[in-house]
Amino acid sequence: NTTLGSFWSSVDNQVLKQADAVLVQNKVDFVYFYGTTNLATIASTADDQANEAWSNTFSTNWTTRNATKFKKLSGIDWALVVDDELIVNEATNLTLTRANELTVGQIVAFETAATSANAGKKGFFKVMEITGTSGLDRTITIEVKIQK
């Protein structure tokens, strides 16, 4: 979304617009896009589909592409995620550079890349809302729980 921003920094817990994100690439842990095939997707800037969705901006304009890893979870009670014990236990063996076809209520584990300004942090996000009808006005609202 060009108005609200589509890039997220875990170190600052901040959503960034593209123009701001390119200036702090090492702080960008993931990006949102809505694609024809992938639908609602959160991906690392190292992901090939995210690069394509963003018109190859990452491969041409970014020198740091944080390879955050993801895994969709099931059977997690969001209310019980109150410390990092469950996060550490579940955010293991992550291999995917994107979590696609996201739906409201879904919980995803992630781990930030070694190149991130907040390197090696594990966390979960929960999809709270997905809105919009076209590529430029689509939004996702997530709640994040991450190690300090």
Side-chain angles (χ1 to χ4, degrees), residues 1 3-54 56-59 61-132 138-148:
N1 185 294
T3 305
L4 302 173
S6 297
F7 300 81
W8 185 70
S9 164
S10 68
V11 72
D12 297 326
N13 189 25
Q14 183 177 20
V15 176
L16 302 162
K17 294 179 185 176
Q18 184 176 6
D20 298 321
V22 73
L23 301 175
V24 291
Q25 297 166 24
N26 69 319
K27 290 184 174 186
V28 177
D29 295 301
F30 45 79
V31 59
Y32 174 70
F33 70 92
Y34 194 101
T36 304
T37 303
N38 289 301
L39 305 176
T41 303
I42 290 185
S44 76
T45 55
D47 181 72
D48 61 335
Q49 295 295 308
N51 185 49
E52 185 177 316
W54 282 88
N56 297 313
T57 192
F58 306 128
S59 61
N61 300 323
W62 290 50
T63 55
T64 303
R65 296 173 64 189
N66 289 328
T68 302
K69 300 294 187 202
F70 302 93
K71 178 173 71 174
K72 291 181 184 178
L73 301 173
S74 61
I76 301 293
D77 183 341
W78 190 247
L80 296 180
V81 183
V82 294
D83 59 35
D84 73 347
E85 182 179 2
L86 184 59
I87 292 170
V88 171
N89 289 339
E90 293 292 331
T92 60
N93 302 317
L94 308 181
T95 59
L96 303 174
T97 56
R98 84 181 79 91
N100 62 346
E101 300 179 7
L102 295 170
T103 57
V104 172
Q106 196 154 40
I107 298 173
V108 176
F110 67 89
E111 183 173 10
T112 61
T115 53
S116 171
N118 202 21
K121 295 295 183 177
K122 295 180 178 192
F124 291 169
F125 68 78
K126 180 178 181 180
V127 179
M128 307 304 283
E129 182 178 37
I130 299 172
T131 62
R138 293 189 192 256
T139 64
I140 191 168
T141 302
I142 61 173
E143 186 175 310
V144 178
K145 297 183 180 184
I146 189 170
Q147 294 176 302
K148 289 192 180 208

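Sequence positions, counted from 1, serve as the residue numbers for this chain.
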Participant: Find the distance between OG1 (Thr103) and CD1 (Ile130) and round it off to the nearest 0.5 Å.
Facilitator: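 CD1 of Ile130 is found 6.5 Å from OG1 of Thr103.
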Participant: Give a yes or no on whether the backbone of Ile87 and the side-chain of Lys145 come within a donor-acceptor separation of less than 3.5 Å.
Facilitator: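 Pair absent, no side-chain N/O of Lys145 close to backbone of Ile87.
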Participant: To the nearest 0.5 Å, what is the distance between CG on Asn56 and CG on Asp48?
Facilitator: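 Atom-to-atom, Asn56:CG and Asp48:CG are 10.5 Å apart.
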Participant: Below 4.5 Å, heavy atoms only, C-beta onward: do Val127 and Ile140 meet side chain to side chain?
Facilitator: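 Yes; the side chains approach each other to less than 4.5 Å.
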Participant: Lys69 and side chain to side chain contact (heavy atoms under 4.5 Å, CB included): which single residue from Leu94, Asn93, Thr95, Leu96 fits?
Facilitator: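 Of the listed options, the one satisfying the test is Leu94.
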Participant: Under 3.5 Å, is there a donor-acceptor pair between the Ser44 and Thr97 side chains?
Facilitator: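 The criterion, which ignores hydrogens and geometry beyond distance, is not satisfied for Thr97 and Ser44.
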Participant: Would you call Gln25 and Thr45 a side-chain contact if the rule is heavy atoms closer than 4.5 Å?
Facilitator: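 Side chain of Gln25 against side chain of Thr45, heavy atoms only: no contact under 4.5 Å found.
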Participant: What I want to check is whether the side chains of Trp54 and Gln18 have a donor and an acceptor closer together than 3.5 Å.
Facilitator: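 No, no side-chain donor-acceptor contact under 3.5 Å.
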Participant: Starting at CD of Glu101, measure out to OG1 of Thr37 and round the result to the nearest 0.5 Å.
Facilitator: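 So the gap between those two atoms works out to 9.0 Å.
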Participant: Could you check whether any side-chain N or O of Gln147 sits under 3.5 Å from a backbone N or O of Lys122, counting only pairs where one atom can act as donor and the other as acceptor?
Facilitator: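 Side chain of Gln147 to backbone of Lys122: a pair is present.
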Participant: Please test Leu39 against Tyr34 for side chain to side chain contact (heavy atoms under 4.5 Å, CB included), starting from the C-alpha separation and ending with a verdict.
Facilitator: CA-CA 5 Å; Leu39 305 176; Tyr34 194 101; 3.8 Å; yes
Participant: Supply the atom-to-atom distance Phe30 CZ to Ser6 OG, rounded to the nearest 0.5 angstrom.
Facilitator: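 Those atoms lie 12.0 Å apart.
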Participant: Taking only Lys NZ, Arg NE, NH1 and NH2, and the carboxylate oxygens of Asp or Glu, determine whether Lys148 and Asp84 approach each other closer than 4.0 Å.
Facilitator: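 No.
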Participant: Nearest 0.5 angstrom please: Ile107 CD1 to Trp78 CH2, how far?
Facilitator: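 That separation rounds to 5.5 Å.
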Participant: Might you point out which heavy atoms bring Asn51 and Ser59 nearest each other, and give the distance in Å?
Facilitator: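 Taking Asn51 first and Ser59 second, the nearest heavy atoms are OD1-N, 3.0 Å.
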Participant: Looking at every heavy atom in both Val104 and Met128, which two are closest together, and how far apart are they?
Facilitator: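 Minimum heavy-atom contact is CG1-O, 3.5 Å.
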Participant: Checking Gln106 side chain against Lys72 main chain: does a donor-acceptor pair fall under 3.5 Å?
Facilitator: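 Judged by distance alone, no pair lies under 3.5 Å.
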Participant: Do the ring planes of Phe7 and Phe58 sit parallel (below 30°), tilted (30 to 60°) or perpendicular (above 60°)?
Facilitator: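 Phe7 vs Phe58 ring planes: perpendicular.
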Participant: Indicate the atoms forming the closest heavy-atom contact of Val31 with Ala50, along with that distance.
Facilitator: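 Looking at all heavy atoms of both residues, the closest pair is CG1-CB, 4.1 Å.
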Participant: I need the Glu90 CD to Ile76 CD1 distance, nearest 0.5 Å.
Facilitator: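 Nearest 0.5 Å value for the CD-CD1 distance: 4.0 Å.
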Participant: So, does Asn66 use its side chain to make a donor-acceptor pair with the main chain of Asp29 at under 3.5 Å?
Facilitator: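 Not a single qualifying donor-acceptor pair exists.
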Participant: Taking all atoms of both residues into account, what is the closest heavy-atom pair of Ile146 and Ser10, and its distance?
Facilitator: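 Between these two residues, the closest heavy atoms are CD1-CB, 3.7 Å.
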Participant: So, does Thr112 use its side chain to make a donor-acceptor pair with the main chain of Thr68 at under 3.5 Å?
Facilitator: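 No, because the side chain of Thr112 does not come within donor-acceptor range (under 3.5 Å) of the backbone of Thr68.
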Participant: Do you know the tightest heavy-atom contact between Leu102 and Ile42?
Facilitator: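 Reported closest heavy-atom pair: CD1-N, 3.8 Å.
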Participant: Within the structure provided, determine whether Phe125 and Trp8 are in side-chain contact (heavy-atom separation under 4.5 Å).
Facilitator: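 Phe125 does not reach Trp8 side chain to side chain.
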Participant: Check Ile142 against Val144 and note the closest heavy-atom contact, atom names and distance.
Facilitator: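 Minimum heavy-atom contact is CD1-CG2, 3.8 Å.
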Participant: Please lay out, stage by stage, how Asp12 and Lys27 fare under the test side chain to side chain contact (heavy atoms under 4.5 Å, CB included).
Facilitator: CA-CA 8 Å; Asp12 297 326; Lys27 290 184 174 186; 3.3 Å; yes
Participant: Sub-3.5 Å donor-acceptor pair from the side chain of Ser116 to the main-chain atoms of Ala114, do we have one?
Facilitator: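 Side chain of Ser116 to backbone of Ala114, a donor-acceptor pair under 3.5 Å: no, none is there.
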Participant: Where does the angle between the aromatic ring planes of Phe110 and Phe70 fall among parallel (under 30°), tilted (30 to 60°) and perpendicular (over 60°)?
Facilitator: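 Aromatic pair Phe110/Phe70 classed tilted.
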Participant: Is a donor on one side and an acceptor on the other found under 3.5 Å between the side chain of Glu129 and the backbone of Thr141?
Facilitator: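 Pair absent, no side-chain N/O of Glu129 close to backbone of Thr141.
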